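Worksheet for the structure shown next.
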Amino acid sequence: MSDAVGPWLVVGLGNPGPEYAANRHNVGFMVADLLAERMGGRFKAHKARAQVVEGRIGPPGPGSRRVVVAKPLSFMNLSGGPTTALRDFYKVPVANIVAIHDELDIDYGALRLKLGGGDNGHNGLKSITKSLGAEYHRVRFGIGRPPGRMQVADFVLKDFSSAERRELDYFVDRAADAVETLIVDGLERAQSSYNT
């Protein structure tokens, strides 16, 4: 897609505040942070109740894409408001929106990229879909299921385990690569390279 149809909006999903920073539910923020670092930008407050970085992804020249990376400052279950405000502000087609989020039904560290679909009980996606419809891209980052009888809400709001943290940087790096491939080369190429 060329910039003629508007920039891309990459929304990392998470909860704001230092007490949530290392939670499984905040892996979308972690990937957004890495993308911003790769773009050489720093997050700035935006009136849409989000932090944003604007820049380009891809090779220099006509292959690069204009991208806004965002972290909503609402809580996860209200992500749709900031995402919609950013879409309107930057004039982003819904098909150029990418939500990065934790996914319980995929093994830890595995990735699945898709366009559209349900929310699978994920409150951040539920909120975005209610605001925008379902036809946006998702980069689903596997966190696995809670052990034993642990409640899902407790599991997602806990930090990654020490064993998981050993591989977390690698998996976050891979997810950022997947987002860049999706934006530059398209969904099919990204799926064939990164879906596990």
Side-chain angles (χ1 to χ4, degrees), residues 1-14 27-29 31-36 38-39 41 43 46-59 61-72 74 76-103 105-106 110-142 174-196:
M1 286 224 179
S2 75
D3 284 352
V5 294
W8 284 79
L9 172 61
V10 177
V11 183
L13 297 185
V27 75
F29 275 15
V31 177
D33 285 338
L34 180 57
L35 287 167
R38 289 181 179 185
M39 288 163 53
F43 281 101
H46 191 280
K47 65 181 183 182
R49 287 182 309 138
Q51 291 184 318
V52 300
V53 172
E54 298 177 51
R56 298 190 84 81
I57 284 178
S64 80
R65 304 282 182 263
R66 196 157 64 92
V67 177
V68 178
V69 177
K71 297 191 296 186
S74 62
M76 175 73 84
N77 59 353
L78 300 172
S79 301
T83 303
T84 303
L86 290 168
R87 177 206 60 184
D88 294 346
F89 183 85
Y90 290 104
K91 299 179 173 46
V92 180
V94 172
N96 280 22
I97 295 174
V98 182
I100 310 165
H101 64 92
D102 57 308
E103 177 61 60
D105 288 336
I106 304 175
L111 294 175
R112 301 264 168 79
L113 287 80
K114 67 177 193 169
L115 174 62
D119 57 53
N120 205 20
H122 192 288
N123 288 330
L125 294 183
K126 205 175 283 184
S127 177
I128 294 173
T129 298
K130 188 175 173 193
S131 297
L132 296 176
E135 291 307 303
Y136 56 93
H137 289 88
R138 298 100 191 275
V139 174
R140 303 157 70 202
F141 186 111
R174 196 164 175 274
D177 290 347
V179 172
E180 291 180 348
T181 302
L182 165 63
I183 289 170
V184 174
D185 298 320
L187 180 61
E188 282 185 28
R189 173 75 63 86
Q191 286 174 324
S192 66
S193 299
Y194 295 100
N195 274 14
T196 45

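Just so it is clear, the model here is predicted, and its values are computed rather than measured.
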pair W8-V184: side-chain heavy atoms closer than 4.5 Å: no
Charged N-O contact under 4.0 Å between R38 and D177: yes
Rounded to the nearest 0.5 angstrom, the OG1-CG distance for T83 and L125 is 10.0 Å
For the NZ atom on K114, are there more than 12 heavy atoms of other groups (residues, nucleotides or ligands in this structure) within a distance under 6.0 Å? yes
Please report the shortest heavy-atom distance between S74 and R49, naming the atom on each side. CB-NH1, 3.9 Å
Taking side chain to side chain contact (heavy atoms under 4.5 Å, CB included) as the definition, give me every residue that meets it alongside A178, ordered by chain and number, with sequence neighbours left out. L111, L113, Y194
side-chain contact (heavy atoms from CB on, under 4.5 Å) assessment of V92 paired with L86: CA-CA 8 Å; V92 180; L86 290 168; over 6 Å; no
Counting only N and O atoms by type, is there a donor-acceptor contact under 3.5 Å from the side chain of S64 to the main-chain atoms of G61? yes
Report the distance from atom NE2 of H101 to atom CG of N123, rounding to the nearest 0.5 Å. 12.0 Å
Would you say that K126 contacts N77 through its side chain, given a criterion of any heavy-atom pair below 4.5 Å between the two side chains? no
After noting the C-alpha distance and the side-chain angles of V139 and V98, does the key distance pass the side-chain contact (heavy atoms from CB on, under 4.5 Å) rule? CA-CA 7 Å; V139 174; V98 182; 3.7 Å; yes
The single option from D105, T129, D102 passing side-chain hydrogen bond (donor to acceptor under 3.5 Å, both in side chains) against H122: D102
Shortest non-hydrogen pair, A99 vs Y136, comes out as CB-CE1, 4.0 Å
A70 and L9: which non-hydrogen atoms are nearest, and at how many Å? CB-CD1, 4.1 Å
For S127 and L78, which heavy atoms make the closest approach, and how far apart are they? OG-C, 3.4 Å
Short side-chain to backbone donor-acceptor contact, H137 and A95, under 3.5 Å: yes
Judged by atom type as modelled, is there a donor-acceptor pair below 3.5 Å linking the side chain of R87 to the main-chain atoms of P93? no
Among L13, V179, V11, V27, the one residue meeting side-chain contact (heavy atoms from CB on, under 4.5 Å) with I100: V179
Of all the heavy-atom pairs spanning A50 and P82, show the shortest one and how long it is. CB-CB, 4.5 Å
Should Y90 and V52 be marked as a side-chain contact (heavy atoms from CB on, under 4.5 Å) after you check the CA-CA gap, both sets of side-chain angles, and the distance that decides it? CA-CA 11 Å; Y90 290 104; V52 300; 3.8 Å; yes
Short question: side chain of R65, backbone of E180 - any donor-acceptor pair under 3.5 Å? no
Taking the side chain as every heavy atom from C-beta outward, state whether I128 and R138 have any pair of such atoms under 4.5 Å apart. no
Please state whether the rings of F89 and H46 are parallel, tilted or perpendicular, taking 30° and 60° as the class boundaries. perpendicular
One should read off an interatomic distance between I183 CD1 and I57 CD1, to the nearest 0.5 angstrom, of 4.0 Å
Does a side-chain N-to-carboxylate-O contact under 4.0 Å join D33 and K71? yes
For G81 against S131, the heavy-atom pair lying closest together: N-OG, 4.2 Å
N96 CG to K91 NZ distance, which is reported to the nearest 0.5 Å: 14.5 Å
